[in-house]
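Since the structure comes first, as structure tokens, the remarks are kept for the end.
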Amino acid sequence: MPSQCSEIVQDFLSLLRHGCKSRDLAQAKRIYERIRIAGLETDRVLGNRIVQLFVACGSLTDAHLVFNRLTHRNVLSWTCVISAYIEHENFDHAFTLYHKMHEDHVLPSSYTFVALLKGCIKAKNLEKGREFHVEAVRNGFENDPFVATALVDMYGKFGLLLQAQEAFDKVIVRDTVIWNAIIGGYTEHGNGHNALCCYEKM
């Protein structure tokens with residue numbers, strides 16, 4: 001029986017992957033209904049993928065409905081919903097969800113902070129960005145290249161080039177993305193000399 005159940009889950013996962021690619025909401029709802037009838041809507045793996053499916057199809061309402069029904073929410077499901085609210089420019093709700101995630105005793109990932117920092121840029125909310133910077137450090141992501149790139153980008157967008165440079169300097173292994181972020185920050189705010197210096201160092 002467990003083997004049969006595993007096969008059913010794999011079949012549904014295949015359908016969910018296809019649904020995410022097609023981004024057809026009507027099809028997504030049919031897939032979800034089949035999973036619900038099978039009694040697997042709260043399955044740990046399928047539940048997260050269903051949330052991702054509705055997000056991919058642009059239905060935040062359906063995504064949050066499924067999210068609320070999940071019995072086991074992990075960092076993936078939380079980050080997926082937070083990112084969706086940011087994408088739909090409902091920033092206050094996204095930031096509130098982050099705090100609810102903590103109340104649910106789920107630790108954030110680097111991707112959670114990347115989404116939140118991008119949200120702060122879109123919302124033009126520097127104060128919240130500083131708050132998430134502190135949270136990222138507290139959770140051990142200060143030197144994470146993805147988080148650092150998001151910090152460089154955020155501080156650069158707000159014209160705080162010293163803070164952008166400080167975030168950049170904390171990363172030991174730097175890829176093209178983080179170099180472009182610091183160069184872009186200097187260029188955007190008319191500091192061509194530092195932009196050129198960074199380009200030469202890259």
Side-chain angles (χ1 to χ4, degrees), residues 20 48-49 51-52 55-56 60 63 67 73-202:
C20 284
N48 285 334
R49 293 299 177 88
V51 172
Q52 289 178 307
V55 168
L60 187 53
F67 175 79
R73 300 172 187 161
N74 62 16
V75 65
L76 176 62
S77 43
W78 280 102
T79 302
C80 188
V81 172
I82 288 170
S83 299
Y85 274 103
I86 288 170
E87 188 178 328
H88 286 76
E89 299 189 351
N90 192 333
F91 307 114
D92 288 341
H93 201 88
F95 300 154
T96 299
L97 279 170
Y98 171 76
H99 296 296
K100 286 184 177 179
M101 180 173 71
H102 268 277
E103 292 171 7
D104 210 29
H105 305 292
V106 177
L107 292 174
S109 69
S110 61
Y111 297 106
T112 312
F113 286 114
V114 169
L116 290 166
L117 291 167
K118 285 182 178 178
C120 293
I121 295 171
K122 288 185 176 182
K124 297 181 172 58
N125 192 334
L126 176 59
E127 183 182 352
K128 209 69 182 173
R130 290 186 189 276
E131 180 185 317
F132 290 131
H133 184 177
V134 171
E135 286 286 306
V137 172
R138 185 180 298 151
N139 282 272
F141 292 108
E142 186 175 20
N143 300 318
D144 180 272
F146 298 109
V147 175
T149 300
L151 286 168
V152 170
D153 189 39
M154 183 189 74
Y155 285 126
K157 290 287 195 304
F158 284 112
L160 300 174
L161 300 178
L162 180 60
Q163 287 91 329
Q165 186 67 55
E166 287 174 351
F168 177 85
D169 290 340
K170 285 184 169 66
V171 179
I172 298 171
V173 180
R174 299 159 185 156
D175 61 11
T176 306
V177 180
I178 196 168
W179 277 107
N180 285 339
I182 192 68
I183 291 169
Y186 282 123
T187 303
E188 190 173 339
H189 294 281
N191 194 328
H193 173 72
N194 279 0
L196 185 59
C197 286
C198 286
Y199 178 76
E200 289 173 350
K201 286 179 182 178
M202 180 176 68

[X] side chain to [Y] main-chain N or O, any donor-acceptor pair under 3.5 Å?
X: D92; Y: F95; result: no
X: R73; Y: F67; result: yes
X: D104; Y: V106; result: no
X: N48; Y: V51; result: no
X: N139; Y: F141; result: no

Nearest 0.5 Å please: distance from the [atom1] atom of [X] over to the [atom2] atom of [Y].
X: R130; Y: L117; atom1: CZ; atom2: CG; value: 12.5 Å
X: W78; Y: H102; atom1: CH2; atom2: NE2; value: 10.5 Å
X: I121; Y: L116; atom1: CD1; atom2: CG; value: 11.5 Å

Restricting to non-hydrogen atoms, name the atom on [X] and the atom on [Y] that form the minimum distance, rounded to 0.1 Å.
X: Y98; Y: F132; answer: CD2-CE2, 3.6 Å
X: V147; Y: A136; answer: CG1-CB, 4.0 Å
X: N143; Y: K170; answer: OD1-O, 3.1 Å
X: P145; Y: T149; answer: O-OG1, 2.7 Å
X: A167; Y: A148; answer: O-CB, 4.1 Å
X: C20; Y: A56; answer: O-CB, 4.1 Å

Exercise. Hey, what's the ring geometry for H93 with Y85, parallel, tilted or perpendicular (30° and 60° as the breaks)?
Worked result: tilted
Less than 3.5 Å apart, which donor and acceptor atoms pair up between the side chains of residues 154-163 and the rest of the protein, not counting sequence neighbours?
from, atom 1, to, atom 2, distance (Å)
Y155, OH, H133, ND1, 2.8
K157, NZ, D153, OD1, 2.7

For this session: Using distance alone, with no hydrogens and no angle criterion, decide if D169 and Q165 have a side-chain donor and acceptor under 3.5 Å apart.
Result: yes
For this session: Please determine which of L97, L107, I82 meets the side-chain contact (heavy atoms from CB on, under 4.5 Å) test together with T112.
Result: I82
Exercise. Under the side chain to side chain contact (heavy atoms under 4.5 Å, CB included) criterion, do T79 and S109 qualify, and how do the steps go?
Worked result: CA-CA 8 Å; T79 302; S109 69; 4.2 Å; yes
For this session: Could you please spell out the steps behind the side chain to side chain contact (heavy atoms under 4.5 Å, CB included) verdict for I178 and V152?
Result: CA-CA 7 Å; I178 196 168; V152 170; 4.3 Å; yes
For this session: Answer yes or no: does atom OH of Y111 have more than 12 heavy-atom neighbours from other residues, nucleotides or ligands under 6.0 Å?
Result: no
Problem set entry | Stepwise side chain to side chain contact (heavy atoms under 4.5 Å, CB included) test for E87 and L60 | CA-CA 10 Å; E87 188 178 328; L60 187 53; over 6 Å; no
Exercise. Looking at residues at least two apart in the chain, or sitting in another chain, which of them share a side-chain hydrogen bond (donor to acceptor under 3.5 Å, both in side chains) with K128?
Worked result: E131
Exercise. Can E135 and R138 be counted as an ion pair, charged N to O under 4.0 angstrom?
Worked result: yes
